[in-house]
Amino acid sequence: MKRYLLVFVSPLLVLLLYARVFDFEFVWDDWYLVTIPVYTSLDLLAVITTPGNGVHYLPVRDVTLLLDTLLFGSNAGGFHVASVVWFALATGLLHLLYRNLFLRSSIPKVEEHANGLALACALVFAAHPLQVESVAFVSARNGILALLFGVSGLLSYDRFLTRGSRGAYAASLLLTVAALLSKQSAVVLPGLLVLLHLHRVKGDGVARAIRFLAPHLALGAGTAIVHFAVARSAGIVGSELSPLAILARLPRAAFVAEFYVWKFAWPVGLTIEYDLTHMLRQRLLFGLGALLLA
């Protein structure tokens, strides 16, 4: 009974930490990406069949914003409450995923303390400053939903591997689709499922794991193509992407990845304006980080 009660600790922490955002207004990108006619007119067909805000095709995220508009109208506080609740649910599920992984560790001490370690990981994740943008910005709802459905998909597939349940396998497929249509970065989820398979089924190789997860991988590839096409039509990606153009973008891509790794590992001086002055003072560490990422 105690191990199940522990699952509620990180969601309760989230509610306590983020209670103050319930009084926030819309901020930054919220005004551009959340309060536009496609949402305020409750146009469900538009968000399902087209890029709702003209930039991203993320219908799962858009449906939740439609629901918020229906429930709360123009009251920004209601949108913030919904984001916090989604994030609280996600941290509870993340606790369960960590516990399942630790319980099957090859290290006896890790297996013995699986519940405590899972709680510690979930609490660090829930309270880390890196999460603030995703929770406090309504326009960052996509990240929360991708986390929620992604972790749920991993848990469902883990259940399939444990019990052989076809229902759990089907659920992992549906949850993978939901994650892929919540945020573009969820295209890595099928790869994470392959890693989970290899971790859980020690005798299976990569080829067998890929055969099991072929539908998930196909969905990931198809959705990646859709996201790329939408980004190109919105002008985010150039109409002609040559090998030289890709190489030219690599330094910027490496910096973005390093930026978030830095924010996670050393959350000092973080501001909502993304002031890089503090970070750029540490050029040596930045350089080492770039080498590691490369």
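Quick caveat, the model's predicted, so the values are computed rather than measured.
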Query raised in the report: Are side-chain N/O atoms of Thr64 and Arg141 paired as donor and acceptor at under 3.5 Å?
Result: yes
Query - Minimum side-chain heavy-atom gap Arg200-Thr162 below 4.5 Å - result: yes
Query raised in the report: Are more than 12 heavy atoms from other residues, nucleotides or ligands located less than 6.0 Å from atom CD of Glu25?
Result: no
**Report entry** Chi angles and distances behind the ring-ring contact (aromatic ring centres under 6.0 Å, His included) call for Tyr57, His227
**Finding:** CA-CA 7 Å; Tyr57 180 64; His227 287 320; 7.4 Å; no
Report task. To the nearest 0.5 angstrom, please state how far the NE2 atom of His80 sits from the CG atom of Asn75. Result -> 9.0 Å
Query - From OH (Tyr98) to SG (Cys121), nearest 0.5 Å - result: 5.0 Å
Report task. Name all pairs fulfilling the side chain to side chain donor-acceptor pair (under 3.5 Å) condition that reach into residues 9-21, sequence neighbours left out, sorted by first residue then second. Result -> none
**Report entry** Nearest-0.5 Å distance, CG of residue Asn142 to OG of residue Ser182
**Finding:** 8.0 Å
Query - Spatial distance of atom CG (Leu213) from atom OG (Ser172) [nearest 0.5 Å] - result: 7.5 Å
Report task. Find the distance between CG (Leu94) and CG (Leu89) and round it off to the nearest 0.5 Å. Result -> 12.5 Å
Requested in this report: Measure the acute angle between the ring planes of His216 and Tyr169, then classify it against the limits of 30° and 60° as parallel, tilted or perpendicular.
Outcome: perpendicular
Query - Carboxylate-amine/guanidinium contact Arg104 Asp158, below 4.0 Å - result: yes
Query raised in the report: Taking C-beta and beyond as the side chain, do His56 and Arg61 meet within less than 4.5 Å on heavy atoms?
Result: yes
Report task. Would you give the length of the straight line joining atom CG of Asn100 to atom NE2 of His199, rounded to the nearest 0.5 angstrom? Result -> 9.5 Å
Query raised in the report: Going by the angle between their ring planes, with limits at 30° and 60°, are Phe212 and His197 parallel, tilted or perpendicular?
Result: tilted
**Report entry** Val84 reachable from Phe8 in the ILVMFWY side-chain graph, under 4.5 Å edges
**Finding:** no
Report task. Indicate the atoms forming the closest heavy-atom contact of Ala179 with Ala146, along with that distance. Result -> CB-O, 4.0 Å
Report summary line: side-chain contact (heavy atoms from CB on, under 4.5 Å) test vs Val7 passes for just one of Leu119, Leu96, Asn115, namely Leu96
